[in-house]
Amino acid sequence: MTNAGDEALLRDCFARARVHRFYRDHFAGIDDHRAAPTVDKTVLKPHLDRFAPGLEPGGVYLVRSGGSTNTPLVFPVDIDENHAQRRALATALRADGIFDAGTVALNLFGYSDLYRTAAIIDDLLERCGATSLPMSAHARYEDILAAALRFAPSHLLGTPSKLQLFAEFLDVAGVRLEIPQLLYAGEPLPLSAMAGFSRSFGTRDYWSLYGGAETGIWAWSDVSRKPGLFRILPQVVVEVISPDSQGFGELAVTNAYRKRFPVFRYLLGDVGRLIE
């Protein structure tokens, strides 16, 4: 169930989407946002396959998706709209105590082939007044360890699978770090990995970010205190499609920050439920 504010946002976003060239055919003959079908990659693929940034009146931010289609899609985002969402997210992360001016973050997220996670996190850290140590997911573990020993980071950032490999390297080397905060994204964190991270990295507090190439990052979680629960960024509406008896269903996201290339009722391919 959506509230009045969400309904207004959905209505405005649908008004933009239904006249946009990416969606005109999909929403043809539909005037009411409440009757509008969801959108997925198959709807956008023909348009994105033909998209040429050089034909646009201004520059765009391009980000690559992964996952459910045979060919990864490259999504365009208006640069100013992208910055506006980042500003709002950084404000929320700082307010919740995830990053602050004292943060020194060892960033092991990836940056390659239009996957932008490492750069996105660097930008968020700077907007929080924090310090980034951008090592990348491709760095040698010896170099990562040297940076950790040299700069004494407060936060370790990366995908769980990459962090597990780094933890294994430390175990073999017989080294234990003291990095109290850990933030992950891109993959679930297995419960079995948390004990290992606490042992190898000295982790005490866990955080997570959630989103995607199509929607940007729009949710964050205090995993240590509220596991499995994410807070949602204002100006983003999440709907649960055809929920079951426990409220679980496919998640559809509408992002009001994105106006030039609208994101309306987009299916992420994930399942969840809403808890007030």
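Scope of the values below: all heavy atoms of this structure, side chains included, with no hydrogens, waters or symmetry mates. What you are looking at is a predicted structure, and each value in this text was computed from that prediction instead of being measured.
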What do the steps show when you test Met194 against Thr203 for side-chain contact (heavy atoms from CB on, under 4.5 Å), and what is the final call? CA-CA 8 Å; Met194 296 180 75; Thr203 306; over 6 Å; no
Between the main-chain N or O of His47 and the side-chain N or O of Arg21, is there a donor-acceptor pair closer than 3.5 Å? no
salt_bridge(Asp123, Arg127) N-O dist < 4.0 Å: yes
Is there a path of hydrophobic side-chain contacts, each under 4.5 Å between heavy atoms, that joins Leu274 and Ile241? no
Mind checking whether Leu163 and Ile121 sit in one hydrophobic cluster, side chains of I, L, V, M, F, W, Y counted as touching below 4.5 Å? no
Using 0.5 Å steps for rounding, measure from the CD1 atom of Ile217 to the CG atom of Leu209. 5.0 Å
Which residues pass the ring-ring contact (aromatic ring centres under 6.0 Å, His included) test with Phe169, sequence neighbours left out? Tyr141
Please round to the nearest 0.5 Å and tell me the distance separating atom CD of Gln235 and atom CG of Asp6. 9.5 Å
State plainly whether the residues Arg225 and Asp205 are in salt-bridge range, i.e. N to O under 4.0 Å. yes
In this structure, are over 12 heavy atoms from other groups packed under 6.0 Å from Ile275 atom CD1? yes
Tell me whether Arg34 at atom CZ has more than 12 heavy atoms from other residues, nucleotides or ligands lying less than 6.0 Å away. no
CZ-CZ distance between Arg16 and Phe264, expressed to the nearest 0.5 angstrom: 11.0 Å
Rounded distance (nearest 0.5 Å) linking atom CG of Asp12 with atom OG1 of Thr254: 11.5 Å
Find the distance between CG (Leu233) and CH2 (Trp220) and round it off to the nearest 0.5 Å. 5.5 Å
ILVMFWY network linking Leu10 to Leu267, side-chain heavy atoms under 4.5 angstrom: no
Please determine if Arg273 and Asp244 form a salt bridge, counting it only when a charged side-chain N lies under 4.0 Å from a carboxylate O. no
Using the salt bridge (Lys or Arg N to Asp or Glu O under 4.0 Å) criterion, which residues pair with Arg260? Sequence neighbours excluded. Glu56, Asp78
Taking the six-membered ring of Tyr61 as reference, does the NZ or CZ atom of Arg116 fall below 6.0 Å from its centre and within a 45° cone about the axis? yes
Where at least one partner belongs to residues 161-174, residue pairs that pass salt bridge (charged side-chain N to carboxylate O under 4.0 Å, His left out), sequence neighbours excluded: Asp171-Arg199
Can you find a pair of side-chain heavy atoms, one from Glu214 and one from Val263, that are under 4.5 Å apart? no
Is there a donor-acceptor contact under 3.5 Å from the side chain of Ser136 to the main chain of His138? yes
What I want to find out is whether Glu81 reaches Lys259 closely enough, with some N-O distance under 4.0 Å, to be called a salt bridge. no
Single-linkage hydrophobic cluster Tyr257~Leu44, side-chain heavy atoms < 4.5 angstrom: yes
By ring-ring contact (aromatic ring centres under 6.0 Å, His included), Tyr210 pairs with (sequence neighbours left out) Trp218, Phe230
Between Asn255 and Thr215, does a side chain to side chain donor-acceptor pair (under 3.5 Å) hold up when you go through it step by step? CA-CA 7 Å; Asn255 184 342; Thr215 62; 5.9 Å; no
Which is it for Ser198 and Tyr206 under the side chain to side chain donor-acceptor pair (under 3.5 Å) test, yes or no, and what are the steps along the way? CA-CA 10 Å; Ser198 297; Tyr206 292 85; 3.3 Å; yes
Out of curiosity, Leu73 CG to Thr42 OG1, how far, rounded to the nearest 0.5 Å? 9.5 Å
Give the cluster check for Leu177 versus Leu189: same hydrophobic cluster or not, with ILVMFWY residues linked at side-chain heavy-atom distances below 4.5 Å. yes
Report all side-chain donor-acceptor pairs from residues 149-156 shorter than 3.5 Å, counting only partners two or more places apart or in another chain.
unit_1	atom_1	unit_2	atom_2	d
Ser154	OG	Val104	N	2.9
Ser154	OG	Val104	O	3.3
His155	NE2	Ile98	O	2.8

Quick one: list whatever passes salt bridge (Lys or Arg N to Asp or Glu O under 4.0 Å) with Arg176, sequence neighbours left out. Glu178
For the rings on Phe197 and Tyr184, is their centre-to-centre separation under 6.0 Å? no
